[in-house]
Amino acid sequence: MSDLPLSGKLALVTGASRGIGAATAQALAAAGAHVVLTARTSGGLEEVEDRIHQAGGSATIAPLDLIDGESIGRLAQAIGGRWDALDILVLNAATLGSLAAVQAIDSKEFARLMTLNIGAPQAMIAAFDGMLRASGDARVVAITSSVATPRAYWGAYGASKAALETLVGAYGEEVKNISAIRTHIVDPGATRTAMRARAFPGEDPASLKGPEVVGQAIVDLVTSDAPTGHRMRVEG
């Protein structure tokens, strides 16, 4: 029997084709979990799956566009048909959008951003609530940002992250006395990702920590006894 801390656990990571999502998926698999990888880009997912398998872990890819609400329902049906419970749900997928003054935000882009960054996580929680309740120790981890508090020109993205924190925190409060589900908020801090490079094009990426640091911090969190509602910022 494996002595890995997440052996026998099932994890689902959104936005798992690159960056923090990919690193988190690899870290969860290295800790023994079977990881379901979701993202729009199947090529990126296949690369992450290969790395997991080469390291001795196990994973399943599920390419889908989280903006398509029906695809989330289909994913839940497929996973529920194979496994009884979901132990770890990492809500990582997000889009940055354009940095702009509030009055200059493009309405169509804003609608798409809010659909992916807050609508999709709500749909994921709704679709997988039953499987999370079936777990003896379920964790829902939402990836946030320091801009969830007001910052000039970050109104759109920041609003979506503030809403995500509130949404996931509310879910944790609703289920804490009737299930084994705990919710956690993770602020990865400055991390070497494509999204960070878009937001801060003049920054030296070598000065930033790699996403693998965040992935390992998430594994440490979900294997700890942190209470529901715990908020963590990853330093380094």
Side-chain angles (χ1 to χ4, degrees), residues 4-17 21 24-25 27-29 31-40 45 49 52 57-94 114-144 160 163-186 218-219 221-231:
L4 295 173
L6 296 178
S7 179
K9 301 284 190 179
L10 178 67
L12 170 58
V13 181
T14 68
S17 61
T24 300
L28 290 167
H34 180 88
V35 187
V36 179
L37 315 170
T38 71
R40 286 187 304 160
L45 290 176
E49 182 186 35
I52 288 173
S58 63
T60 301
I61 66 170
L64 80 162
D65 187 348
L66 289 172
I67 288 181
D68 175 9
E70 292 184 1
S71 68
I72 293 174
R74 291 192 296 270
L75 176 66
Q77 282 188 332
I79 293 176
R82 183 173 172 185
W83 290 281
D84 294 327
L86 177 63
D87 303 292
I88 301 162
L89 173 60
V90 181
L91 300 169
N92 166 73
M114 295 300 284
T115 298
L116 178 59
N117 293 8
I118 186 63
Q122 186 279 328
M124 290 289 291
I125 290 172
F128 287 97
D129 174 67
M131 290 189 72
L132 289 165
R133 290 175 189 252
S135 170
D137 180 20
R139 309 296 182 101
V140 177
V141 178
I143 307 301
T144 189
S160 73
L164 179 64
E165 290 189 22
T166 299
L167 181 83
V168 172
Y171 178 63
E173 289 298 308
E174 291 158 5
V175 299
K176 69 180 183 180
N177 294 324
I178 56 173
S179 75
I181 301 169
R182 285 181 263 184
T183 62
H184 307 304
I185 305 296
V186 173
I218 290 173
V219 169
L221 175 63
V222 300
T223 55
S224 75
D225 197 34
T228 196
H230 179 73
R231 192 181 198 280

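What you see is a predicted model, and the numbers here were worked out from it, not measured in a lab.
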| field | Nearest atoms (heavy-atom pairs only) where A39 meets A16 | value | CB-N, 4.0 Å
| Those residues that, when tested against T183, pass side-chain hydrogen bond (donor to acceptor under 3.5 Å, both in side chains) (two or more places apart) | T228
| query | Hey, what do you get for CD1 (I118) to CD (E165), rounding to the nearest 0.5 Å? | reply | 10.0 Å
| request: Report the distance from atom CD of E70 to atom CD1 of I72, rounding to the nearest 0.5 Å. | output: 10.5 Å
| Are any side-chain N or O atoms of S179 and backbone N or O atoms of R133, one a donor and one an acceptor, separated by less than 3.5 Å? | no
| field | Aromatic plane relationship, H34 with W83 - under 30° parallel, 30 to 60° tilted, over 60° perpendicular | value | tilted
| said: Is any side-chain heavy atom of I88 closer than 4.5 Å to one of L6? | reply: yes
| Atom of G136, atom of A180 and distance for their closest heavy-atom approach | O-CB, 3.2 Å
| said: Nearest 0.5 angstrom please: L91 CG to I125 CD1, how far? | reply: 5.5 Å
| note | For V36 and A62 the tightest heavy-atom approach is CG1-CB, 4.2 Å
| To the nearest 0.5 Å, how far apart are CD1 in I181 and CE in M131? | 11.5 Å
| remark: The side chain to side chain contact (heavy atoms under 4.5 Å, CB included) partners of E174 (sequence neighbours excluded) come to A170, Y171
| field | Minimum heavy-atom distance A93-G15, with the two atoms named | value | CB-N, 3.6 Å
| note | Minimal heavy-atom distance between A25 and L37, with the atoms involved, is CB-CD2, 3.3 Å
| field | Side chain to side chain, L132 and V175, heavy atoms closer than 4.5 Å | value | no
| With distance as the sole test, does T38 use its side chain to make a donor-acceptor pair with the main-chain N or O of I61 at under 3.5 Å? | no
| message | Please report the interatomic distance CZ(R139) to NZ(K9), rounded to the nearest 0.5 Å. | response | 8.5 Å
| query | Do D87 side-chain atoms and L10 backbone N/O form a donor-acceptor pair below 3.5 Å? | reply | yes
| query | Is any side-chain heavy atom of V13 closer than 4.5 Å to a side-chain heavy atom of V35? | reply | yes
| query | Would M124 and V140 satisfy side-chain contact (heavy atoms from CB on, under 4.5 Å), going step by step from the backbone distance to the final call? | reply | CA-CA 11 Å; M124 290 289 291; V140 177; over 6 Å; no
| request: Would you mind reporting whether V222 and L28 have side-chain heavy atoms less than 4.5 Å apart? | output: yes
| T14 side chain to N92 main-chain N or O, any donor-acceptor pair under 3.5 Å? | yes
| Quick one: OG1 on T24 to CD1 on I218, what's the gap to the nearest 0.5 Å? | 3.5 Å
| message | Looking at R40, is its backbone amide N or carbonyl O close enough to the side chain of D65 to form a donor-acceptor pair, meaning the two atoms are under 3.5 Å apart? | response | no
| query | Can you name the closest pair of heavy atoms from S71 and L64 and give their distance? | reply | OG-CD1, 3.5 Å
| message | With a 4.0 Å cut-off on N to O distance, would you call R182 and D225 a salt bridge? | response | yes
| said: Are the side chains of L12 and L86 in contact, using a 4.5 Å heavy-atom criterion? | reply: yes
